[in-house]
Every structure is written in structure tokens, then in C-alpha cells.
Amino acid sequence: MDKESGLSMEKVIVIDFGGQYNQLVARRVRECNVYCEIYSYKTDIEQIKAMKPKGIILTGGPNSCYEESSPSYSKVLFELGIPVLGLCYGAQLMMHVLGGRVEKAPVREYGKIEVTVESSSALFADVSETTVCWMSHNDYISQAAPSFSICAHTADCPVAAAECVEKKLYAIQFHPEVLHTVEGTKMIYNFVRGICGCMGTWRMDSFVEESVKHIREQVGDGKVLLALSGGVDSSVAAGLLSRAIGKQLTCVFVDHGLLRKDEGDEVEAVFGRDGDFDLNFIRVNAQERYYAKLAGVTEPERKRKIIGEEFIRVFEEEAKKIGTVDFLAQGTIYPDVVESGLGGESAVIKSHHNVGGLPDYVDFKEIIEPLRNLFKDEVRKAGLELGIPEKLVFRQPFPGPGLGIRIIGEITAEKVRIVQDADAIYREEVDRAVAVYAKEHGTMAVWKPDQYFAALTNMRSVGVMGDERTYDYAVALRAVKTVDFMTAECAEIPFAVLQTVMNRIINEVRGVNRVVYDLTSKPPGTIEFE
Ligand code: GLN
């Protein structure tokens, strides 16, 4: 029984040695329908044992395992009889601890490398004999530990994988979790489903069912308050809590007047009185109040601050009307937990303030975070499972300050209208073009952006429309391809699509006489404008 989520299930533990891909490892495992959690290499072995994992994966990391100060792990880990898979640093560490040799590699390998595998190894079952894998290492295993046999190599790396079948220990020098490793998912599947013997019970329908049970136990007949933003996470949290406790849940939705076009009404249509969810829904129309506060403010950081503070104030006023609540719910998700360094300490439910950033001001006894074990894609699946409309579940990322930071310079109701209308046209046309491409080609367009929106520049320029001089704003179109939103490139939307968008915006949105396309990548640019 998992204390925190109330889910009784098979579990694989990822021990994190500081690699860039630690979250990816856990996601890949979960894609095999096996629940997985990430713990720091500093986690005590007794704690790991107590979780009774079906398997353990050691991640990559930036250090060299033969150096004194590098992260290490107790040798006992390899004697528990639990299957262990070491990846890159994890593989090197396993060899080092068990008596093999790791040293600086004569030839470093970086990028896609052809690996030759022994397909008779359980780890490589169904994997092609030569397969492209993602490598990123300066050190190498020059000699495998005693009783290990080598089961993969490359031209420059004699031990690309090694195994000790008897002790169920496996070491891989490359990164199966990275999609560039063409058959990586199969390897991870072979480990967790084959070698560890997991049945694959982690599924979103059972997650929803078990969470509902758990929330009911935790909440009893208490009252829960949730700040609903209309974003994916808080919407799914609302859906889940509603299913569990119905009207004991109150959602406060603050419409700050900086949402995308019609978004406030869409949220209300789903969660409001005529929607499909059983809960108390309070919509606060705070547009005027926000615009008043923001009048004359042009500095981006000040704008952000005002929007954030005003949100807290509005939320607080509503909370006071409700009176004391027992629980404050938050849509915290697993990456927030991992990134705040809280992963694994199951008592941390209380140190929420570090995570979601919601406040002390509301009178509540406890925080409840029903999604704190889920990755974003799992949150979306849970949302669909709960019957939340696809439109909402697959919503693009949207910053907390909303359109406030997509309007350069001062925010006014008029400018909000312009950017809302332009943005709606842009999204509609891109979505249409993507759908048409998919229908015609039977595949997704490579240019399909991961995020796309319109922003309003603070630039006005001269134009001519209907033989008359205009002096209006320029709208900037942004579209990026990105995997993790940390880096991004401009998406190559076909010119004809951009032209249609430009025509429609100029014709349909009053106050705009120029449309520009932002080519900047991140870095040096950011995805948002302010
Ligand atoms: N730091 C180790 C090396 O350079 C491991 C690298 C890794 O885990 N990606 O070989």
C-alpha cells in the first residue's frame, strides 16, 4: 500500500544521480504501465527496501564514479535480490562498486551510435542485433565486474551493456530513455515487464478509481477549496475531487480579464451549474478590478506582480465568504515535486508552500494534492478518464499572468480584445491546417507547433486601408517547436497558412494593420514576450 496515494501496486524505483534525463526514465517506465518514483541517491537503503520495489533503476549523472567525492550507493543494493538496471553513470557505478573497472574513455561517445547487442539477453529480447542508441559519456567501463558477461558493444566501447543474470543485475552505457535510442522503450519494457516481472497495473482508469477512494477517506465530511485557473492541472484536480466528494468541493475561478477569448465561459460551461460536474462553482468576474490596477503599468515584472497579488486578494475574499475550510486543494504535479527536491519523502505533504506557491492566508487545516504523483501526460489521460472535454485537457500551456504578458506595454481592455481576437483566429487557422495536413498525408505535419499564440506589440505604424491612412498596432505571431519548453525553435508554419492568418487578422480585428512572424529561438528569446 502506497502511503501517499493510497494505491496498492507494483512499483519501480529510480535512483537519481543527477542525470538530465531522470524524469524521462520514470516516464518511460510508466509508459509500460508500471508505477515508478524517483528518489535521490542520498535516500537511505532501508527506506528503499521498505517500499518493496519490483525493480530499481540507477540514472546517469555528471560525475565520474571513481572519484572520491562522487555520488555512490551502498553495495547492499545489489544484494537484495531485486533486479537493478544501471544507466550510464548508474552502469559505471554498478561496475565500480562490484569490482569492475571504470576510467576515462580513450574515445568519448556522444550522440547516436550504432550498438551491437546479444539478442539472447533478456534485456535485448526482440531488439535488432545492431541498433542505434543515444550515448553521452566521457568515462567507460574498461572491465566488467566479475561474474558479469558483456551483452553489447560499439566500435569504441567494449562494454556497452553487461549483465549478471543470476543476480539480476544489468548495466547499460547508453540511454534507453532518450527517444533517439530507437529501441529504448523496448529495452525498458524488457526490464520492467520481463526481468522484474511487473504485470503492468498502472493505468489511469485504476488511478482515478483508487484516488477517489483515497480522497474520500482523507477528506471524510470536510470541506475542500480549490483555486481553478482553467488550466489543465487545476481542471483535472477539480474533476477528480468532484467525483470523490461532490459538493464538499468549492472551486473559485477568478476571471482576471486576461484569459484567452471565451475561455472564462468555457470553464464555466464545464464546471459551472450547467456543467457535468457535481461541485460548488464560484466565478469571480474581476476584469474591471484588474484593468484598474494595471492602468499605466508597463514594466513586465510589475505587471506580473500586480496580477499575482490581485489574484491572492480576490481568492482570499471569496475564501472568507466560505468561512473555514478543512482542505486547500492544489494541482501540483510530479515534476513540481521532483524539481523542488521533495521527491520521495512521503511526509512532505505539509511542505506544500514550497511547491505550488499558494498562500498561508486562507484558513485551512491541510493541503490536498491529488495529482502529485502524475506526469503531465498522465494528468491529461486522467482528465479524459474523468470526462473533461478534450479541448480543455489538451489546452496549450498558458502563463499565470495570462495575456497580461502577451500585451507589451500598458494593458487596457481594448488591447485585451485585440489580442484575444487575433489569437483566436491564429489558433483556429493553425489547428485547421494541422488537421488538413493529417487528413491528406495520414501523418502529423513536422511543422506542427507545440505552442502557438498571438501577442500584441506596443508598436503602431502607418498603413492604408480603404484608401484611408491608418495608424494601428502590429500583432506578432509566435509558434515554436519544443520538447521540454526549456529550449525552442521557431516552427516552420507554411507561408500560405501565415498569409491566411494575416489576412483574417487585418480584416477582422479592428485596431491592427500589420502582422509579423517571430523567428526567434529560445535561447536567446523566451517563448513568451514578457
Ligand atoms: N559522467 C559519466 C561519464 O561521463 C556518466 C555520464 C552520464 O551518465 N551521461 O561517462
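Indexing begins at 1, ligand by ligand and atom by atom, following the structure's order.
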Is the shortest side-chain heavy-atom distance between D139 and E103 below 4.5 Å? no
The closest protein heavy-atom partner of atom 4 (O) of ligand 1 is N138 N, 2.9 Å
Do any heavy atoms of Q92 fall under 4.0 Å from ligand 1? yes
Would R30 and Y334 count as a cation-pi pair here, with the cationic atom under 6.0 angstrom from the ring centre and within 45° of the axis?
yes
| Can you find a pair of side-chain heavy atoms, one from F453 and one from F529, that are under 4.5 Å apart? | yes
Distance-only N or O hit between ligand 1 and D139, under 3.5 Å: yes
Inset, instruction - Check the pair T130 / T116 against side chain to side chain donor-acceptor pair (under 3.5 Å), numbers first and verdict last. - result: CA-CA 4 Å; T130 56; T116 306; over 6 Å; no
task: Check if S64 has a non-hydrogen atom at a distance under 4.0 Å from any atom of ligand 1.
output: no
**Asked** Under 3.5 Å, is there a donor-acceptor pair linking the side chains of E378 and W202?
**Response** yes
**Request:** For R478 and A454, indicate whether the former's side chain and the latter's backbone hold a donor-acceptor pair under 3.5 Å.
**Result:** no
#### Entry: Side-chain H-bond candidate by donor/acceptor type, D156 with T154, under 3.5 Å
no
For S136, the atoms of ligand 1 under 4.0 Å from one of its heavy atoms are 6 (C), 7 (C), 9 (N)
A student checking ligand 1 against H175 at a 4.0 Å heavy-atom cut-off should list atoms 9 (N)
message = Set out, in order, the CA-CA distance, both residues' side-chain angles and the distance that settles salt bridge (Lys or Arg N to Asp or Glu O under 4.0 Å) for R302 and E299, then state yes or no.
response = CA-CA 5 Å; R302 281 253 337 113; E299 211 276 307; over 6 Å; no
One finds that the ligand 1 atoms under 4.0 Å from a non-hydrogen atom of G60 are 8 (O)
among protein heavy atoms, the one nearest atom 7 (C) of ligand 1 is C88 SG, 2.8 Å
### Message
Parallel, tilted or perpendicular: which one describes the rings of F17 and Y89, with boundaries at 30° and 60°?
### Response
tilted
Residue, atom and distance of the protein heavy atom nearest atom 1 (N) of ligand 1 read N63 O, 2.6 Å
Looking at ligand 1, is there an atom of it that comes within less than 4.0 Å of some heavy atom belonging to G61?
yes
Ligand 1 to H137, heavy atom cutoff 4.0 Å, flagged ligand atoms 3 (C), 4 (O), 10 (O)
**Asked** Would you say ligand 1 has an N or O under 3.5 Å from any N or O of Q173?
**Response** no
> At a 4.0 Å cut-off, with the gap strictly under it, does some heavy atom of Q20 reach an atom of ligand 1?
Replying inline: no
